[in-house]
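Quantities reported herein were computed from a predicted structural model and do not represent experimental measurements. Atom set for the values below is all heavy atoms of this structure, side chains included, hydrogens, waters and symmetry mates excluded. Every number for a ligand or one of its atoms is a count from 1 in the order of the listing. In this chain, residues are counted from 1 in sequence order.
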Amino acid sequence: SEALTVEELYYNYPDGTAALRGLSFKLMPGESVALAGPNGSGKSTLLLHLNGLLRPSRGRIAVGGKPLDAAHQAFARRYVGLVFQNPEDQLFMPTVGEDVAFGPQNLGLAGEKLRERVRSVLDQVGLEPARFLERQSFNLSIGEKKRVALAGVLAMEPEVLVLDEPSAGLDPRSRRRLIRLLKDLPQTQLVATHDLDLALEICSRTLIVEQGRLVAEGPSEQILSDR
Ligand code: ADP
Ligand code: ADP
């Protein structure tokens, strides 16, 4: 079945702003899909719904074939890993090691298994554990913070990875490495991005959102060549 299903999703902020206005799409397991569209079109609002941080005003979301309702909230948090655009929104422990350990610890991992998981995801994002485990997160560069945030999400071993502007603010070399890393990940991915080259390189399909609705969808080369 689908990794993620969004059907006729509507969301109004408390001040009345209609941010999502009947959005529908599906992700098949293993697919990488880009989410593009102008600022204010509803991309971040959509992403916040995908692991239950926002509740739809109307419509339906299913993750891994289960409806994203109160009964499946904990399942959704584990199944869908959300990497925020600003890493400072998700790094809150004093050291890198503690930050990356926080999620898997909550899932019940402890001892050597936990330490091994933390080391392995730090390696995966190119942060040498011996050098970074004890570093204070707030002292890192923006690129390093983004990698720690990604490592913390990978440490939960989610089936679906949702990334908000992962390449924003990275220097060209870090951006290349990020693209290489994302390309190699086995997860189903939904990537909100203004970086069309990144979308072309890692996403077989692109969704275009405008004013809270899907206005185009198809193979990335086809959809992005007219933009
Ligand atoms: P994008 O991520 O595509 O830039 P957003 O999801 O951030 O778009 O925003 C969609 C719409 O919702 C915009 O009109 C934006 O101004 C509005 N919006 C975003 N956050 C809030 C909020 N907390 N309260 C009210 N309106 C908001
Ligand atoms: P290399 O020396 O091959 O350029 P590094 O040793 O710096 O690579 O990094 C090893 C791996 O870490 C990369 O292949 C990539 O998977 C990951 N990586 C490095 N930098 C980043 C980054 N900014 N964002 C995400 N992953 C990164």
Novice: Check this for me: does any side-chain nitrogen of one of Glu157 and Arg117 sit under 4.0 Å from a carboxylate oxygen of the other?
Specialist: yes

Novice: Under the rule for side-chain hydrogen bond (donor to acceptor under 3.5 Å, both in side chains), what residues qualify as partners of Arg115, not counting sequence neighbours?
Specialist: Glu112

Novice: With Glu88, which residues qualify under side-chain hydrogen bond (donor to acceptor under 3.5 Å, both in side chains), at least two apart?
Specialist: Lys145

Novice: Is the shortest side-chain N to carboxylate O distance from Glu201 to Arg176 below 4.0 Å?
Specialist: yes

Novice: Got Leu178 and Leu170 here, is their nearest side-chain heavy-atom distance under 4.5 Å?
Specialist: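 Side chain of Leu178 against side chain of Leu170, heavy atoms only: contact under 4.5 Å found.
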
Novice: Side chains of residues 53-66: which donor-acceptor pairs under 3.5 Å do they make with residues two or more places apart or in other chains?
Specialist:
| unit_1 | atom_1 | unit_2 | atom_2 | d |
| --- | --- | --- | --- | --- |
| Ser57 | OG | Asn12 | N | 2.9 |
| Arg60 | NH1 | Glu7 | OE1 | 3.1 |
| Arg60 | NH1 | Glu7 | OE2 | 3.2 |

Novice: Counting only heavy atoms and a distance below 4.0 Å, can you name the residues contacting ligand 1?
Specialist: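 Answer by chain and number: Tyr13, Asp15, Thr17, Ala19, Pro38, Asn39, Gly40, Ser41, Gly42, Lys43, Ser44, Thr45.
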
